[in-house]
Protein chains: 2
Amino acid sequence: MKNKVAETKAMCAVDYAFQRMGGKYKARILFHLGSGLMRYGALRKSMPDITPKMLTQALRELEGDELISRKVYHEVPPKVEYQLTPVGTELIPSIGLLCEWGKKQMTKKNLPIVTDFY
Amino acid sequence: MKNKVAETKAMCAVDYAFQRMGGKYKARILFHLGSGLMRYGALRKSMPDITPKMLTQALRELEGDELISRKVYHEVPPKVEYQLTPVGTELIPSIGLLCEWGKKQMTKKNLPIVTDFY
DNA sequence: CCGTATCCCTTGCGATACTG
DNA sequence: CAGTATCGCAAGGGATACGG
């Protein structure tokens with residue numbers, strides 16, 4: 001169970017970035033965490049279209065790439081908190097810009113935008 | 001041969017953006033076109049790891065989403081020019097930021113970065 | 001020069017059910 | 001509460017060869 005890429009050979013910086021925050025959900029997860037620390041359940045509620053399996057998978061990969069940190073409280077009921085690392089935090093402005101671009105285009109085309117609780 | 005998504009239902013702006021410039025090559029292609037108009041062959045040479053099939057496919061999708069325009073000269077030998085549309089151009093700053101983030105992280109980890117001709 | 005066509009393989013992703 | 005396990009499909013992507 002390796003983490004995607006053997007980064008032994010030279011690559012493009014754009015690719016490097018996309019391998020870490022690309023994919024179907026990672027950018028959205030990072031963006032949500034941009035507003036601060038969140039528990040697993042809170043993340044689930046804020047993105048109900050992501051199955052637990054995919055959410056956990058994305059979170060583990062983000063953790064492996066050190067974009068987020070994961071803190072487990074061994075108590076009953078269990079509690080796990082996720083938050084951005086400094087490196088992950090530096091990614092937020094880029095995603096924010098992307099998001100603004102998306103909003104602008106969607107507005108132009110009169111497409112319905114989901115902002116809250118999604 | 002439809003273009004990926006039926007955008008009938010409400011979605012997140014981040015997703016909207018990623019459906020247009022996400023994937024394995026699109027951001028890189030857009031970024032290269034950021035420096036100006038390029039012919040198909042020039043794009044190929046600048047990104048030799050992309051097979052013609054994948055390059056053409058990505059270009060067609062970008063064209064379909066109106067991020068780039070394609071101008072064909074019906075002459076021998078044939079000549080096709082690609083360039084960013086205004087909407088596509090607005091995407092460049094976000095990708096640029098992502099690229100800078102990538103470069104910074106790669107530098108920290110002493111990973112070899114390919115900038116020219118890739 | 002600028003692509004297409006074909007074949008095939010891998011990976012991502014989803015649904016559903018179950019657990020410490 | 002915060003996950004795993006299992007199964008399975010479908011899209012994405014690579015290699016190679018050919019075409020207007």
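Letters A, B, ... are given to chains in the order of the sequence lines, protein chains preceding strands, and every chain is numbered from 1. The structure presented is a predicted model; accordingly, all values stated were derived computationally and were not measured.
Residue B:R44 places no side-chain N or O under 4.0 Å from the OP1 or OP2 atom of C:dC2. Side-chain N/O atoms of B:R60 include one lying less than 4.0 angstrom from OP1 or OP2 on C:dT4. In this model, the phosphate group of D:dA2 is approached by a side-chain N or O of A:R39 to a distance below 4.0 Å at OP1 or OP2.
In this structure A:T107 satisfies the side-chain contact (heavy atoms from CB on, under 4.5 Å) test together with A:I113, sequence neighbours excluded. Partners of A:K104 under the salt bridge (Lys or Arg N to Asp or Glu O under 4.0 Å) rule, at least two apart in sequence or in another chain, are B:E90.
Rounded to whole Å, the distance from CZ on A:R28 to P on C:dC13 is 12 Å. Rounded to whole Å, atom P of D:dG3 lies 13 Å from atom CE of A:M47. Whole-Å rounding puts the A:M38 CE to D:dC1 P distance at 15 Å. Here C:dG3 presents its P atom at 13 Å from NZ of B:K45, a figure rounded to the nearest Å. To the nearest angstrom, C1' of D:dG19 lies 14 Å from OH of B:Y40. Between the P atom of C:dG12 and the CD atom of A:Q19 lies a distance of 11 Å, rounded to the nearest Å. A straight line from CG of B:L59 to P of C:dG3 spans 8 Å, rounded to a whole angstrom. Following rounding to the nearest Å, B:E63 (CD) and C:dC2 (C1') show an atom-to-atom distance of 14 Å.
Using a 4.5 Å heavy-atom threshold, the side chains of A:L91 and A:L30 count as touching. Looking at heavy atoms from C-beta onward, A:L62 lies out of side-chain contact with A:M21 at the 4.5 angstrom threshold. Side chains of A:T56 and A:R60 form a contact here, defined as non-hydrogen atoms less than 4.5 Å apart. Side-chain atoms of A:M47 and A:Y25, non-hydrogen and from C-beta on, never get closer than 4.5 Å to each other.
Between B:R28 and B:D49, at least one side-chain N (NZ, or NE/NH1/NH2) sits under 4.0 Å from a carboxylate O, which counts as a salt bridge.
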Protein-nucleotides 13-15 of chain D N/O pairs under 3.5 Å:
from	atom 1	to	atom 2	distance (Å)
D:dG14	OP1	B:K24	NZ	2.7
D:dG14	OP1	B:Y25	OH	3.2
D:dG14	OP2	B:Y25	OH	2.8
D:dG14	N7	B:K53	NZ	3.3
D:dG14	O6	B:K53	NZ	2.1

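Cation-pi geometry between A:R20 and A:Y16 is satisfied (NZ or CZ under 6.0 Å from the ring centre, within 45° of the ring normal).
Summary of helix geometry: the two end axes of the helix from C:dC1-D:dG20 to C:dG20-D:dC1, each defined by five base pairs via their C1' atoms, are inclined to each other by 60° (rounded to 10°).
A donor-acceptor contact shorter than 3.5 Å is absent between the side chain of A:W101 and the backbone of A:G96.
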Sequence neighbours left out, cut at 3.5 Å: what donor-acceptor pairs do the side chains of residues 70-77 of chain A make with other protein atoms?
from	atom 1	to	atom 2	distance (Å)
A:R70	NE	A:Y82	OH	3.2
A:Y73	OH	A:E81	OE1	3.0

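Expressed to the nearest 0.5 Å, how far CG of B:L67 lies from CD of A:Q105 amounts to 8.0 Å.
Listed by residue number, the members of residues 70-85 of chain B with any heavy atom below 4.0 angstrom from DNA chain C are B:R70, B:P77, B:P78, B:K79, B:V80, B:Y82.
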